[in-house]
Amino acid sequence: MNVGEGTLATDALESVQSLESERRPARRFATLDRGIAWVTEIPAAILVLIEVGVLFAGVIARYAFDKPLLWSDELAETLFLWLVMFGSVIALRRSEHMRMTAVVGRLPQVWQRRISTAALLVVVTVLVILLPNAKDYMATQYAIITPAMHIHDAYRVLGMVIGIVLMLVIAVVRILEEGDPRSVIGSLVVVAAVGAAMALARPLLAAVGNVSLAIYFLGLVGVCVAAGIPIAFCFALATLTYLTFAAPTTLSVVVGQMDQGMSSLELLAVPMFVLLGLLLEMTGIARVLVDFLAALVGRVRGGLSYVLLGAMFLISGISGSKAADQAAVAPVLFPEMKRRGANSGELVAQLAASAAMSETIPPSLVLIIIASVTGVSIAALFTGGILPAIVAALALVVVTFFRSRNEQRGEGARPSAAQIARAFVIAIPGLLLPFLVRFFVLKGIATATEVSTIGIGYSVLVGILVYRRFDWRRVLPILVETASLSGAILLIIGSATAMAWALTQAGFAQSLATSMAGVPGGAAGFLAISIVVFIVLGSILEGIPAIVLFGPLLFPVARELHINEVHYTMVVILAMGIGLFSPPFGVGFYQSVLIGRSTTDEAIGRMFPYLASVAAALILVAAFPWLSTAFLH
């Protein structure tokens, strides 16, 4: 089998980081752009390495020597906020913040440029409002002394202030580079007019009570998301606008909520598992797993499609990152699949559906984040996520069987038992990794955050000593990519946390709980509505911001209706996965198109049978709770 080149995976992963091509600075700002890159990318890479070292040292000291490092968690949490903010700066500079481009992308080029300028101006507005309030928040945190290291907490929050300043510089520079004077003036007029209109309408909005929430958190967020404004800034703008005009309060509380939402130690698992996923491809672990599966079934008709499903299932249990999963698997399999006559759109459909299928496989980032924001046991989620993924995988196998009946068989003789055994032996180090990750968590040896560092160390050793494949030149780019993707994700979580706080203060949480608890059909009706809601939210907002925003509101309702929280989690995640990879709005669909090097026209019509099979699996999981809870006791 032609396994492709490692550079293909690198190119694919770089493509998936953004649905837009990276913007190149104008010559007059090239020096400033390089300076910002230098002062953010190198420190961010160093911070990733320090976090890995600190967490790993904590595990060794506690488990091997029974002498916990009292300062390790505190240091990791202190540096984490700096890592998040540097990552957010890098993501903004590279245009890698999560956004929806489906609507704007259909407009004429001239309108795309105008809306892009307006979007940047909104980003500037949000940052200008946040900056003085971040400084005020930092001043209040100065009085707090950390218990282990005995330093002022303001030093941690300083990272947020510096990050906001750097993002503000980048956004202003982008406007000067890309916006013509007419677009800039027009955007300023529109933003000012909207702000003035809301100020004038304040008495009216106050009179309608919580109906105004729809204007701020549905209308304003919806318009901003459709305009291609990064989702994190959409949430922040809606929250700041609401608290300014409808519920006046000190805006430094928004900064405090963002800090609380994106810097908790549990979320440090996000950059750690992103890094692990990137290492899988570089060290050759992903490749040997795919080779083993290909030796088993690669020669049968449709065999490589089954290999794709199996590889996504296995690798999802290691990396936790769907982007890393797809970028590791697709470049290895797609060249040979295309050589056998497979349509590139069909391959994209299989890739996207397999990613949606594998969302519940531990240690999925979504599982970790849900545990963080809802208080559900992460060990229980890791245990409960396996069977739902198996059901979804079997559903995809059925569809693949019928759609691959006319596919060309693999050339050459079927591998002998000895060849299969040899491929298995070579793959053993890679096959062991997902079991090691789950074992350390379920046995309580390491937390979900710490276990990622064990996986990182294991992958590095396997790459260097076993597979002899470790490109030191790629270490720095991988560390920077880790920081960028993590910053983009965690800034959304921070903004969504502040937005959820505002909704709770407005009484929306209680109203939602009351209305959802009273839906016809009781628990079954609530599950049905949740499925629809999260498919829509997963498509429009991405899965992570949707769960951070609505998880704390809906999970208490599920508990009141006596729905097992692990069962509800699996239903929600599968629904979000379907939405995330559903055209025309699902960002994951376009991510799959980029990795598969296809076009949306080729793939869009072929997606629906695969998504329908995942939807059927979702219905089964929702109808039979034991699929999620069978192994919990």
Between Val451 and Phe439, does the side-chain contact (heavy atoms from CB on, under 4.5 Å) criterion hold? Intermediate values first, please. CA-CA 9 Å; Val451 77; Phe439 173 81; over 6 Å; no

Are [X] and [Y] packed together at the side-chain level, in the sense that at least one heavy-atom pair is separated by less than 4.5 angstrom?
X      : Y      : result
Ser459 : Ile285 : yes
Leu55  : Ser72  : no
Tyr467 : Ile426 : yes
Ile90  : Ile36  : no
Val460 : Thr283 : no
Ile231 : Phe235 : yes
Asp33  : Val173 : no
Phe233 : Cys224 : no

In terms of the angle between their ring planes, are Tyr155 and Tyr142 parallel, tilted or perpendicular, with boundaries placed at 30° and 60°? perpendicular

Answer yes or no: is there a donor N or O on one side and an acceptor on the other, between the side chain of [X] and the main chain of [Y], under 3.5 Å?
X      : Y      : result
Thr117 : Arg113 : yes
Glu51  : Met272 : no
Thr482 : Ile478 : yes
Thr453 : Glu450 : yes
Ser495 : Ala232 : yes
Thr497 : Gln257 : no
Thr360 : Gly385 : yes
Arg62  : Ile445 : yes
Ser116 : Gln112 : no

For [X] and [Y], work out which heavy atoms get closest and say how close.
X      : Y      : answer
Cys234 : Ile229 : SG-O, 3.3 Å
Val39  : Phe86  : O-CE2, 3.9 Å
Ile164 : Met85  : N-CE, 4.1 Å
Asp136 : Ser252 : CB-CB, 4.4 Å
Glu359 : Ile573 : CB-CG2, 3.4 Å
Ala44  : Ala483 : CB-CB, 3.7 Å

Report all side-chain donor-acceptor pairs from residues 144-151 shorter than 3.5 Å, counting only partners two or more places apart or in another chain.
from: Thr146; atom 1: OG1; to: Glu74; atom 2: OE2; distance (Å): 2.9
from: Thr146; atom 1: OG1; to: His150; atom 2: N; distance (Å): 3.2
from: Thr146; atom 1: OG1; to: Ile151; atom 2: N; distance (Å): 3.0
from: Thr146; atom 1: OG1; to: Ile151; atom 2: O; distance (Å): 3.3
from: His150; atom 1: NE2; to: Pro147; atom 2: O; distance (Å): 3.4

[X] side, atom [atom1]; [Y] side, atom [atom2] - distance, nearest 0.5 Å:
X      : Y      : atom1 : atom2 : result
Ser372 : Met262 : OG    : CE    : 13.5 Å
Thr78  : Leu158 : OG1   : CG    : 12.0 Å
Gln141 : Met160 : CD    : CE    : 9.5 Å
Leu289 : Phe313 : CG    : CZ    : 13.0 Å
Leu278 : Leu479 : CG    : CG    : 9.0 Å
Leu433 : Leu280 : CG    : CG    : 6.5 Å

Would you call Arg474 and Glu481 a salt bridge, taking side-chain N to carboxylate O under 4.0 Å as the test? no

Given the options Leu367, Val366, Ile368, Leu381 meets side chain to side chain contact (heavy atoms under 4.5 Å, CB included) only with Leu367

Arg93 vs Arg174, test: side-chain contact (heavy atoms from CB on, under 4.5 Å). Steps then yes/no. CA-CA 9 Å; Arg93 177 180 167 271; Arg174 289 289 186 267; 3.8 Å; yes

Taking the six-membered ring for Trp, is the centroid-to-centroid distance between Trp472 and Phe470 below 6.0 Å? yes

All salt bridge (Lys or Arg N to Asp or Glu O under 4.0 Å) counterparts of Arg468, not counting sequence neighbours: none

Just by distance, no angles: are the side chains of Asp259 and Tyr137 close enough, under 3.5 Å, to form a donor-acceptor pair? yes

Can Leu476 and Ile42 be said to form a side-chain contact (heavy atoms from CB on, under 4.5 Å), step by step? CA-CA 8 Å; Leu476 179 59; Ile42 301 299; 4.1 Å; yes

Between Leu436 and Ile454, is the side-chain contact (heavy atoms from CB on, under 4.5 Å) condition met? List the steps. CA-CA 9 Å; Leu436 288 175; Ile454 297 174; 6.0 Å; no

Answer yes or no: does atom OH of Tyr458 have more than 12 heavy-atom neighbours from other residues, nucleotides or ligands under 6.0 Å? yes

